Amino acid sequence: MSTTAASTSHHLSPAFPGRAPWGTASKLRAWQQGALDKYIQEQPRDFLAVATPGAGKTTFALTLASWLLHHHVVQQVTVVAPTEHLKKQWAEAAARVGIKLDPEYSAGPLGREYHGIAVTYAGVGVRPMLHRNRIEQRKTLVILDEIHHAGDSRSWGEACLEAFEPATRRLALTGTPFRSDTNPIPFVTYEEGNDGIRRSSADYTYGYGNALSDGVVRPVIFLSYSGNMRWRTKAGDELEARLGEPMTKDAVSQAWRTALDPRGDWMPNVLRAADQRLTEVRKGIPDAGALVIAADQDSARAYAKLIREITGSKATLVLSDEASASQRIEDFSHSDDRWMVAVRMVSEGVDVPRLAVGVYATTISTPLFFAQAVGRFVRSRRRGETASVFLPTIPTLLGFAGEMEVERDHVLDKPKKDGEEENPYAEEEKLLEEAEKQQDEDTGEQDQLPFEALESDAVFDRVLYDGAEFGMQAHPGSDEEQDYLGIPGLLEPDQVQMLLQKRQAKQIAHSRKRPDAEADLLELPAERRPVVTHKELLELRKQLNTLVGAYVHQSGKPHGVIHTELRRVCGGPPSAEATAGQIRERIKKVQEWATRMR
């Protein structure tokens, strides 16, 4: 094999800043060097490297591939990627370090100029024996990029096992080793803990917290927007709710989708705020770009139209995983354009380092998708850059945002909760939990109840950073909102924290000076306005039903009559669709009635 690790350093491009393959290893990042040293010392057949999105997994893998080729441990390389676009991106990155991969390989002998191929998991799933035969003929390193995708379907996992079982070496890479399901991931070791639960075991882990400390990734500022949503159900009932208020799973879904409806006021206001944030960020990062992650193609087109109306400039629109879409992403990556709108495909692995502002405009609510989506904005090019991601105030999303630094493993077994049998609501909670589950490949639009979005507005709600919450609610365009949108785009992590604390203190001081008549929004700092979870909503309903049950015996009236009277006096829908605030009002009212009868 003519490729030597020492020679590859001459092929490095700006896509590999401050890094080089084997032979000039002092330029590798510390974690890349550490993982490489461990691999070379142990020489394992299988190696799982977990590194946060943006940390440089591709560089590590290609450096290792170069070393293995140079030392004749392997004779060829096969890279398996989740998408067509990523397959081509791998081939381009490999070419820059002197490893030639054929991304168009379909069958037959490989051209002599190539050191291997790049394929997708779907491609392996179609013809596993083709790849097995190639691997049996020559010593092969298989690089399994974002290996959790091999668990997306049983057929893909079985195909990977069949195709790559004879491989000389297998390198598995992922930024998010966890999945929402319990499908085992091929070639991943699972170890049983003291609690009897089997969890994935990585050979080397480099989490977001470590990467942030090293300046390898950007700190992320999450800007959350609430607002009142109004929609009509299939039954013809008109419902209204505020994002962040606890409600049933179906109501959360419909309120969320109402917010994302481009015909309402929520999306235009959030896009306008995100564009203002982008303008501020570009003062420190002149080529910074922004991305809207849309739920579907119709929404993506509508968002692109809104962006043009707001900014006067056209947004790059990416609608599918076709060759033209890949080219549009590539063109955007090397341009100075401000906005890109895309459906799902840019949520994982696509390398556009200048993306610094994001709008999460999809209803996908798995931790895997969220982490990969946020990963598009954290890739740091120089110290001090910050990322900003705009979110609807949805409890699940805010939970993910608050746990950015938590390292997770893929769990094969679900633990049994203590006392589950004694909990009278256990069965209901279990059914709700099952109903809320989504496979990682879901689009988030399956099995949703039909409804019609009627009206939405936006309210700046809070900022989440490093697990803490800041800010008070404010109208779009207000001075209070502008204070947070105007945070500089170049700041050290501790400076971000300090500045957010100052902004909140200023906002609290200003609100205290205002007359009560002007306080038309909830005037509490973010840490005192927790987003109530669905489980807590169940507890509120349970409390209301207990009080109504007690009042039945006191008043002699049936349950249904009391609930109807509470609705008439307090307003709002039936208890199953009522918000936490509405249920609390009914609890207060029934307590008042009971006190009068004593």
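Keep in mind that what you see is a predicted model, and the values were worked out from it rather than measured. Below, all heavy atoms of this structure are taken into account, side chains as well, without hydrogens, waters or symmetry copies.
Residues satisfying the ring pair (Phe, Tyr, Trp, His ring centres under 6.0 Å) test with Y465, not counting sequence neighbours, are none. With sequence neighbours left out, the side chain to side chain donor-acceptor pair (under 3.5 Å) criterion links K506 to D483. For E280, the salt bridge (charged side-chain N to carboxylate O under 4.0 Å, His left out) partners two or more places apart in sequence, or in a different chain, are K283. Applying the side-chain contact (heavy atoms from CB on, under 4.5 Å) rule to A290 yields the partners L278, W339, V357; only residues at least two apart in sequence or on another chain are considered. Legend: residues meeting ring pair (Phe, Tyr, Trp, His ring centres under 6.0 Å) with Y303, ordered by chain and number and at least two apart, are absent. Scanning for side-chain contact (heavy atoms from CB on, under 4.5 Å) contacts around A51 gives W31, A55, K57, Y206, with sequence neighbours left out. Partners of R232 under the side chain to side chain donor-acceptor pair (under 3.5 Å) rule, at least two apart in sequence or in another chain, are E238, E452. Take E481 and apply the salt bridge (charged side-chain N to carboxylate O under 4.0 Å, His left out) test, not counting sequence neighbours, and it matches no residue. Shown here are the side chain to side chain donor-acceptor pair (under 3.5 Å) partners of R503, two or more places apart in sequence or in another chain: there are none. Under the side-chain contact (heavy atoms from CB on, under 4.5 Å) criterion, A356 pairs with R218, V281, A288, sequence neighbours left out. In this structure E455 satisfies the salt bridge (charged side-chain N to carboxylate O under 4.0 Å, His left out) test together with R230, sequence neighbours excluded. Partners of D298 under the side-chain contact (heavy atoms from CB on, under 4.5 Å) rule, at least two apart in sequence or in another chain, are D296, R301.
In this model, no donor atom of one side chain and acceptor atom of the other lie less than 3.5 Å apart for Q582 and E245.
Using cut-offs of 30° and 60° for the angle between ring planes, the F369 and Y360 rings count as perpendicular. Ring geometry for W266 against Y225 counts as perpendicular: the plane angle is over 60°, on a 0 to 90° scale with 30° as the lower cut. Ring pair W231/F451 is perpendicular by interplanar angle, where above 60° counts as perpendicular and below 30° as parallel.
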Going through the checks in order, is the side-chain contact (heavy atoms from CB on, under 4.5 Å) test met by R277 and F390? CA-CA 10 Å; R277 178 75 190 131; F390 289 73; 3.7 Å; yes
Take Q543 and L547 through the side-chain contact (heavy atoms from CB on, under 4.5 Å) test and state the conclusion after the steps. CA-CA 6 Å; Q543 184 184 351; L547 288 169; 4.3 Å; yes
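Nearest heavy atoms, L319 versus A300: CD2-CB, 4.0 Å.
Taking the centre of each ring, F470 and Y484 stay at or above the 6.0 Å mark.
In terms of modelled atom types and a separation under 3.5 Å, the side chain of D457 and the main chain of D265 share no donor-acceptor contact. At distances below 3.5 Å, not a single donor-acceptor pair connects side-chain atoms of Q473 with backbone N or O atoms of V459. With T386 contributing its side chain and P219 its backbone, the two residues share no donor-acceptor pair below 3.5 Å. With hydrogens and angles disregarded, a donor-acceptor distance shorter than 3.5 Å links the side chain of R529 to the backbone of D461. Put simply, the side chain of R586 gets close to the backbone of G571: a donor and an acceptor are under 3.5 Å apart. One N or O on the side chain of N545 and one on the backbone of R541 form a donor-acceptor pair closer than 3.5 Å. Between the side chain of Q504 and the backbone N or O of M472, no donor-acceptor pair lies under 3.5 Å. Without hydrogens or angle criteria, T546 side chain to K542 main chain gives a donor-acceptor distance under 3.5 Å.
The shortest side-chain heavy-atom distance between S253 and T363 does not fall under the 4.5 Å cut-off. Proximity of V374 to F400: side-chain heavy atoms (C-beta onward) are nowhere separated by under 4.5 Å.
Under 4.0 Å is where a charged nitrogen must lie from a carboxylate oxygen, and between K588 and E585 no such pair does.
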